[in-house]
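Note on naming: letters A, B, ... go to the chains in the order of the sequence lines (proteins, then strands), and numbering restarts at 1 for each one.
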There are 2 protein chains.
Amino acid sequence: MVTILDVARLAGVSKATVSRALNGKVFVREEVKARIMQAIDETGYKPNQLARNLANNKTNSVGLVITNGLYNGPFFSSMIYHAATDSEMHGRQLVLADGKHSAQEERDAIDLLLSLRCEAILIYPKYLTVAELDEIIDTSETPIVVINRELTRNRSQCVFVDHQQSSERMVAYLLAQGHTRIAFVAGFEGSPTGDSRLAGYHQALRNAGIEPDPQLLVRGSWSTDSGYAAGRELLARNVPFSCVLAGNDDMAIGVAKACQEAGLRLPEDVSLAGFDDSVIGKYYNPALTTLHVPMDEMIRHAVAILLLPDETPPRAHQGELVCRESVVKVG
Amino acid sequence: MVTILDVARLAGVSKATVSRALNGKVFVREEVKARIMQAIDETGYKPNQLARNLANNKTNSVGLVITNGLYNGPFFSSMIYHAATDSEMHGRQLVLADGKHSAQEERDAIDLLLSLRCEAILIYPKYLTVAELDEIIDTSETPIVVINRELTRNRSQCVFVDHQQSSERMVAYLLAQGHTRIAFVAGFEGSPTGDSRLAGYHQALRNAGIEPDPQLLVRGSWSTDSGYAAGRELLARNVPFSCVLAGNDDMAIGVAKACQEAGLRLPEDVSLAGFDDSVIGKYYNPALTTLHVPMDEMIRHAVAILLLPDETPPRAHQGELVCRESVVKVG
DNA sequence: CTGTTAGCGCATTCAT
DNA sequence: ATGAATGCGCTAACAG
């Protein structure tokens, strides 16, 4: 491996001068600089970022922890996209770490990023609880921001939308369209996002004086496949409903498939809605009514909190109802 | 920052002993080890991976270069997913770098990963040509594997499928269904993948004695939005066709939207097919006929070439025709 | 403006 | 089995 010393010798200067010529903070005679550049060319020298980082005690990188199984699918791909874009905008490199399948592994992923000396860490938790996250942030010297959880103590270290309220708004809209028998495809049992959306569904129904029918509740696990399975389960129960609200768009599209296989037409026979506003919903036939989650805005905010803490006040993010063709008026 | 020295002092041993206790290659008395572990606990010591990497001259990481604008969308999300999974399977960490918007920036991304001392690099090129990639690989000491290009010299350093042949098979199938007026939505001008698929389309038509009609060719840029625009453009030309083949599934779904808006029913009035076999195609209504690209298999192979070069013979990857509902027989 | 010296935190000789 | 010394490649004082 060719090091800075090789370049220095070839150029007939000291290591320090090469370093200075490269980093440009201190002036180096043009003539010397030229010799150095030529030596770099000849040797094919590439600075060792590792050594540089160690000497500077900084890495210019931000870490992102998400559960591997979730990279797939439009939601997380959009998240990685924005995390990478925004990091680079601040001159930082994004490093991914896998939260895998347990709270412990999510901790391990954070530790890995910490040991890599990332300047800041972004986490979209799946298993770690709010209490655990608060604890981790309390004891961490490097800034950590949590996406999609409302923390108790470190309220400025998180970005999120109010899923329950969003869900209430969605259900209120469905009710306003005349639907009273609204089925709900929940997410994972224990998923805070899923639970909040479910709670919003229940709340909105009760606000309208409707007692939720447990027969109208099925569970999926966020994927399109699971939505399809949930849809079939719902249909097999043979209970009447005029509308299905799925915990996210992916599942909604799975439900649509199940309905169509059963000979139901969308939206004539059954209305359908989801959450997240993923790209496909816009192009699906019928175009999917959904609740937009401003991922771009949230990630931009999260990265700003990490990297420019003084200039970044906490602020709320709002979901937005997107009405398209998949929901029709009834009654 | 708590270092190995703090731990050593607290445990009343030398840095070397702590290091040994941690790495486990050399035996350390159980009793001493216990003291060290306790000291680690008390101090909250986290090894500095940077320093460790520098001392070891290895990083346990593999880099992935792709163009940022492409992270989005199911195709690349699946790629990142598999790259991360397979890397971790080999005990390596995935580091993303952005190829941005030019060949130079793709080079820069590689250089960044090189300077980070990644052990190996994976690149899904967009701007760099085969000749340039061959040149880069020739002069690089760290292994580089190119995804989705057939290299000229470094034939064992790339994984790809034959897009032209796949496309020919697809078009042959469409012809066999009785379609003779088949429109084609190409990708970027100059995209090797897009050009190969287009070439396959032309070849298959000529094989069947049909002269390609330029009126049936439109261009998109891989995104669903661009497919929609291309679809509208095609319809505006007012030329007859019974089938549209899009350069990828995303664009196919955009085309579908355009057709439906024009009052055409799928697949009764127009058949539709794509490439890639993205998740949504399976659930789309009608389910999309497509050509499966074995991304999982290709990435697994690529990572194996990088990390286990001796055990990994080069081999061809095959696309596979997936016939679903969006294409119907005519005539 | 440039050379010399001293670390950054850790792993790894060589001693003992 | 453990300690002391050395070096990984680079940057940052400190001199001149």
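- Considering only side-chain N and O atoms, B/Thr3 lies nowhere under 4.0 angstrom from the phosphate OP1 or OP2 of C/dG9.
- In this structure, A/Lys46 and B/Val26 both approach DNA chain D, and ranking their closest nucleotides by distance from the 5' end singles out B/Val26.
- Checked for salt-bridge contact, B/Arg92 and B/Glu119 meet the test: a charged N lies under 4.0 Å from a carboxylate O.
- The side chain of A/Lys15 sits closest to D/dT11 out of C/dC8, D/dT11, C/dA11.
- One atom, CG of B/Asp6, and another, P of C/dC10, lie 9 Å apart when rounded to the nearest Å.
- To the nearest angstrom, P of D/dC8 lies 18 Å from NZ of B/Lys58.
- One atom, CG of B/Leu54, and another, C1' of D/dC8, lie 4 Å apart when rounded to the nearest Å.
- If you check the side chains of B/Thr3 and B/Asn48, you find no donor sitting under 3.5 Å from an acceptor.
- Taking 3.5 Å as the limit, the base of D/dG3 and the side chain of B/Arg20 contain a donor-acceptor pair of atoms between them.
- Separating the CG atom of A/Leu114 from the P atom of C/dG9 is a distance of 15 Å, rounded to the nearest angstrom.
- Between B/Glu30 atom CD and D/dT2 atom P the separation is 10 Å, expressed in whole Å.
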Would B/Tyr81 and A/Phe76 count as a ring pair (Phe, Tyr, Trp, His ring centres under 6.0 Å) here? Give the steps. CA-CA 10 Å; B/Tyr81 166 72; A/Phe76 286 88; over 10 Å; no
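- For B/Phe27, taking side-chain heavy atoms from C-beta onward, the closest of the listed nucleotides D/dA1, C/dC10, D/dC10 is D/dA1.
- Listed pair A/Asn56 / D/dA12 meets the phosphate criterion, a side-chain N or O lying under 4.0 Å from OP1 or OP2.
- Phosphate proximity of C/dG3 to A/Thr17: present, with a side-chain N or O under 4.0 Å from OP1 or OP2.
- Side chain of B/Pro47, nearest nucleotide from C/dT4, C/dC10, C/dA6: C/dC10.
- For the pair B/Leu5 CG and C/dG7 P, the computed distance is 13 Å after rounding to whole Å.
- Candidate nucleotides D/dA12, C/dG9, D/dG3 were compared by shortest atom distance to the side chain of A/Ala16, and D/dA12 ranks first.
- The closest side-chain donor-acceptor pair between A/Thr193 and A/Ser196, if any, does not fall under 3.5 angstrom.
- Taking both residues in full, the closest heavy atoms of A/Pro125 and A/Arg149 are given as O-NH2, 3.3 Å, listed atom of the first, atom of the second, then distance.
- When the P atom of C/dC10 is taken as reference, atom CG of B/Leu50 falls 10 Å away, rounded to whole Å.
- A sub-4.0 Å separation between OP1 or OP2 of C/dA11 and a side-chain N or O of B/Ser19 is present.
- Candidate nucleotides D/dG3, D/dC10, C/dA11 were compared by shortest atom distance to the side chain of A/Ala51, and D/dC10 ranks first.
- Contact record, B/Asp195 with B/Phe188: OD1-O, 4.1 Å, taken as the closest heavy-atom pair.
- B/Asn57 places its CG atom 17 Å from the P atom of C/dC10, with the value rounded to the nearest Å.
- In the set D/dG9, C/dG3, D/dC10, C/dG3 carries the atom at the smallest distance from any side-chain atom of A/Ser14.
- For the pair A/Arg29 and C/dC1, the criterion of a side-chain N or O lying under 4.0 Å from OP1 or OP2 is not met.
- Heavy atoms of B/Val18 sit nowhere under 4.0 angstrom from any nucleic acid atom.
- Counting any heavy atom pair closer than 4.0 Å across all strands shown, B/Asn23 reaches sugar-phosphate atoms only and no base atom.
- Each of D/dC10, D/dT2, D/dA1 was ranked by its minimum atom distance to the side chain of B/Val32; first place goes to D/dT2.
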